[in-house]
Amino acid sequence: MNHDLPIFEIEERLCTALPVHRRLVLHAPTGSGKSTQVPQMLLDRGLSPGGQIVILQPRRLPTRLLAARVAWERNVKPGTEVGYHIRFEDVSGRDTRIKYVTEGILLRQMLHNPRLEGIGTVVFDEFHERHLYGDITLARALDIQATTRPDLNILVMSATLAVEQLEAYLAPCSVLSSQGRTYPVEISHLRKDSDLPVWDLAAREFERLIEMGAEGDVLVFMPGSFEINRTIQAIQSTGAAKGFLVLPLHGELPPRDQDAAVARHDRRKVVVATNVAETSLTIDGVRLVLDAGLARIPKFDPHRGINTLLVEKISRASADQRAGRAGRTAPGLCVRLWTADDHRLRAAQEIPEVNRLDLAEVVLTLKAAGIGDIRSFRWLERPRDSLLDRAESLLRDLGALDGSTGALTDLGRRMLSFPVHPRYSRMLLTAEQYRCVTPVALIAALTQGRGVLLRRQPREVLQNREDILGQSAASDFFLLMRAWTFADKRGYSLEACRKLGIHAQSARQVAPLFEYFLRIAREQGLTTDPAPVTDEAIQKCILTGFSDQLALRLDRGTGRCQLVHGRRGILSRESVVTEAPLIVAAEISEIETGHRELNVTLDMITEVRQEWLQEIFPGDFAEGHTVVFDPATRRVVGVRQKLFRDLPLENKLSEKVPEDAAARVLAQKVLEGELKLNEWNHGVEQWIIRVNFLATHCADLGLTPIGKEDCRAIIEQVCLGAFGYKEIKDKPVMPFLKGWLSPALVPLIDRYAPERLEMPGGRRAKIEYFPDGTTPKLSTTIQNLFGLQETPRIAMGRVPLLIEILAPNQRPVQVTQDLTRFWSEHYPKLKAELSRRYPRHEWR
Ligand code: ADP
Ligand code: MG
């Protein structure tokens, strides 16, 4: 064992601090000895009296390697005192004291062992990566410590500082940090963008730097095994590679090759690794880092409703961690295979997984752990509500949660025994019933990566496809399965694949996933013998996994569809399913088409039948009655609906329409302006304004204003008893308005807010009332006003009217609220002028 490691400088402090709060945060740079030494310190000093020390790791590869290293340091065999447990490999026993596990394992274990019996300490390693399962398991561990296990130690370790949020979350807790020992690393970027594949770039830079005299071992970061293999070939073909061992390091390698990459050799080495070498694993002696700046990053793809693992640009924080690997033992060099401009545009940090992954699987696990209300769970960072809603709604549709109570169902509990996304565990369970586990496992594998079939292909390629793969009208998946089988049979030959527009590399990546899903299925006791299966069986399985994306064609001509959960969409033109009236879409994408209009396209279509829904989801049907306006007959008709969830699968005319429902529908059409009530005229509008005017100015009368909703109620009264437009078209409206007020108030409207006012000469001049509440206006000719000295008032004398004075030609000559002043100031001048023009009229 290497007692030089920086971690030993804080050993004493660590051992005193941990028992204080039993919660401790430890920051120390990569290579300090956190992962290998801390568990041993706890064990050797008897600081975990409650039992095992379990160390959570985000990745499988370091989990096994760390266990192997610590076992070696303690001179024991893995599986005895030191062990590990990853998804399909449990190398531990009853005597295991130190156990490295991947993050999902402990959360599942908590389901069967809710008090964590036999475990004394849980260590969260690499916590700065903020993986979904790390976040959730930490929250659950805190719950357990706060309730049944106050003696449980919780230790959170991280390679980066600045996690104040974490300290507040764990409070009260102790915080320790170690500076570690690092040497300066000189970082450079590409001067300009390059068209070369990233492996050729890496080989070019490798050759240049080795020839310039770069010392020590070399670490190259690449996103995945394919790029790693290409890089190794490219580097080995350079002259500079002479004398170097060039080794891959990634999770798909056999253990012996993984060990070789971290072992010491008598020659200089180049290790070409995925991001496992970023902080999880230390490779000693590295002084040159070549970084492709890419990683396969898990994300939730809302279009497909699944988690994806696509190659993405890493954040600036990750790039800094990678550069740091060159400065562990001496000053180093790091070359980034991207430009400085590109670097500036990258994200500062990765978004925590809890806010970028689909939460369905986690929510299902939490429900199984007895957490009924997911929103009040003690999240370190609470995910967006939309992500939680989506997860719960999907689980309901899959039958894992009860539709009304949201509680875990028996089916949901069974789904949990498969370590895959609930969509696929549900599909696999259904597949067992229909004896088609193998093809369903292939479908599951085909949906994970990038598409196997290339889009927008030339006509001849499409023709080849049709000739060789055939035309299937029942599911886009069937075409995909044939394409993959074709590629698989030809060893993923680029030549053969290109002819049919098949992405050979994507097709190749499907094979191990297919194997993985089959292995899970077998472990869960499902039947995977290749027996003949019908298309129908497979279609039913697809339906169970994607019933939340069921769609009904609205017509035959266009691709318009109505989906469950009140959504609408359009069938993709690329689908081979063109005729089916009822379908499920495995992919839904929302494309903004300007003017904020969202176009929803449905892709990866499978034909389904109503009988299958009935067979698989008998509890999700309901009878609906609704009343709609039929524009053709202009009558209200009753419709009996057969609903699957909220989607009306069938509409049948029904005789009975309740009067009040009909009135509501007609009134709605009137309010929307689609139907016109002829009697709803100016006088009616004025009446409403007059009532509202008095309600404002003469509050003492006790009138309530007539608002929008009151109008709706009045119109509904007008429509009551009618079923068609003909019956309301000419129906009088005024009686209903008057009836809306108490009878004693009705005459007061005419008295205090009259429609007309009698002039001294006996004529009745009209008053116009305004909806915006401005002063009502009386318009009349000068002749009619003779004899009226003062401005007339309404509303119990409280509001002087606005007078619009008209010349004999009915044109306004003056608007005033002060008639007295008009007569004395303006009238004499006006009279002189007007009497000349209109000598036959009376002028006083
Ligand atoms: P940390 O977790 O702080 O990054 P580790 O405990 O993983 O540090 O590693 C501490 C040191 O132990 C490394 O710098 C390296 O020298 C040594 N080491 C760890 N694992 C191995 C291994 N599998 N093979 C050789 N050396 C190792
Ligand atoms: Mg570590």
Side-chain angles (χ1 to χ4, degrees), residues 1-11 14 24-44 53-76 78 82 84 98 100-103 123-131 134 155-161 176-183 216-217 219 245 247 249 251 253 255-266 269 271 273 275-287 289 318 320-330 332:
M1 202 191 303
N2 181 353
H3 276 278
D4 265 2
L5 291 170
I7 203 74
F8 292 107
E9 290 162 17
I10 56 169
E11 180 173 5
L14 186 114
L24 190 138
V25 180
L26 173 62
H27 304 297
T30 304
S32 303
K34 297 185 301 298
S35 308
T36 53
Q37 305 310 317
V38 169
Q40 300 188 62
M41 291 174 189
L42 300 182
L43 178 63
D44 295 339
I53 299 157
V54 176
I55 306 101
L56 265 70
Q57 289 292 325
R59 295 181 188 78
R60 268 182 271 166
L61 165 55
T63 308
R64 190 188 67 76
L65 277 176
L66 283 167
R69 167 73 184 187
V70 173
W72 177 81
E73 285 184 10
R74 299 181 74 78
N75 204 12
V76 297
V82 184
Y84 67 96
I98 295 178
Y100 291 86
V101 304
T102 41
E103 283 172 334
V123 182
F124 296 84
D125 202 2
E126 305 288 326
F127 198 77
H128 61 275
E129 293 195 19
R130 295 295 309 281
H131 288 268
L155 214 150
V156 181
M157 308 202 295
S158 145
T160 58
L161 276 160
L176 277 182
S177 51
S178 150
Q179 294 306 308
R181 255 169 261 139
T182 50
Y183 294 86
D217 289 343
L219 176 59
L245 262 176
L247 303 162
L249 179 60
L253 289 176
R256 199 151 38 89
D257 295 349
Q258 295 175 351
D259 295 341
V262 291
R264 268 175 223 279
H265 300 274
D266 48 10
K269 67 178 174 185
V271 177
N275 55 2
V276 286
E278 195 172 301
T279 58
S280 308
L281 281 181
T282 325
I283 298 164
D284 283 328
V286 172
R287 294 188 57 194
V289 166
S318 280
D320 288 343
Q321 278 297 332
R322 291 180 174 191
R325 299 294 73 77
R328 266 275 298 142
T329 40

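Each ligand, and each atom within it, is numbered from 1 in the order the structure gives.
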Note to self: Taking 4.0 Å as the limit for heavy-atom contacts, which would you say applies to Thr282 with ligand 1: side chain only, backbone only, both, or neither?
What the structure shows: side chain
Next item on the list: Select one of side chain, backbone, both or neither to describe which atoms of Asp284 lie under 4.0 Å from any atom of ligand 1, heavy atoms only.
Entry: side chain
Notebook entry, point to check: Nearest non-hydrogen atom to atom 10 (C) of ligand 1 belongs to which of Ala159, Gly33, Pro62?
Noted result: Gly33
Margin query: As a check for students: among Leu26, Thr36, Thr329, identify the option with a heavy atom nearest to atom 6 (O) of ligand 1.
Written below: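 Residue with the shortest heavy-atom distance to the ligand atom: Thr36.
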Check: So, does Glu103 use its side chain to make a donor-acceptor pair with the main chain of Leu56 at under 3.5 Å?
Finding: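 Pair absent, no side-chain N/O of Glu103 close to backbone of Leu56.
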For ligand 1, find out whether one of its N or O atoms is nearer than 3.5 Å to an N or O atom of [X].
X     : result
Lys34 : yes
Ser32 : yes
Thr30 : no
Leu65 : no
Leu66 : no

Note to self: Under a 4.0 angstrom heavy-atom cut-off, which atoms of ligand 1 come close to Pro29?
What the structure shows: 3 (O)
Check: Does Ser35 put an N, O or S atom under 2.8 Å from the Mg ion (ligand 2)?
Finding: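 For Ser35, the answer is yes, given that an N, O or S atom comes within less than 2.8 Å of the Mg ion (ligand 2).
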Next item on the list: Kindly indicate, with the supporting measurements, whether the criterion salt bridge (Lys or Arg N to Asp or Glu O under 4.0 Å) is fulfilled by Arg328 and Asp217.
Entry: CA-CA 11 Å; Arg328 266 275 298 142; Asp217 289 343; over 6 Å; no
Notebook entry, point to check: Could a heavy atom of Arg328 be found less than 4.0 Å from some atom of ligand 1?
Noted result: yes
Item checked: Ala28 touching ligand 1 at heavy-atom level, < 4.0 angstrom ->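 It does not; every heavy atom stays at 4.0 Å or beyond.
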Next item on the list: Tell me, with the steps shown, if Leu26 and Ile10 meet side-chain contact (heavy atoms from CB on, under 4.5 Å).
Entry: CA-CA 10 Å; Leu26 173 62; Ile10 56 169; 3.5 Å; yes
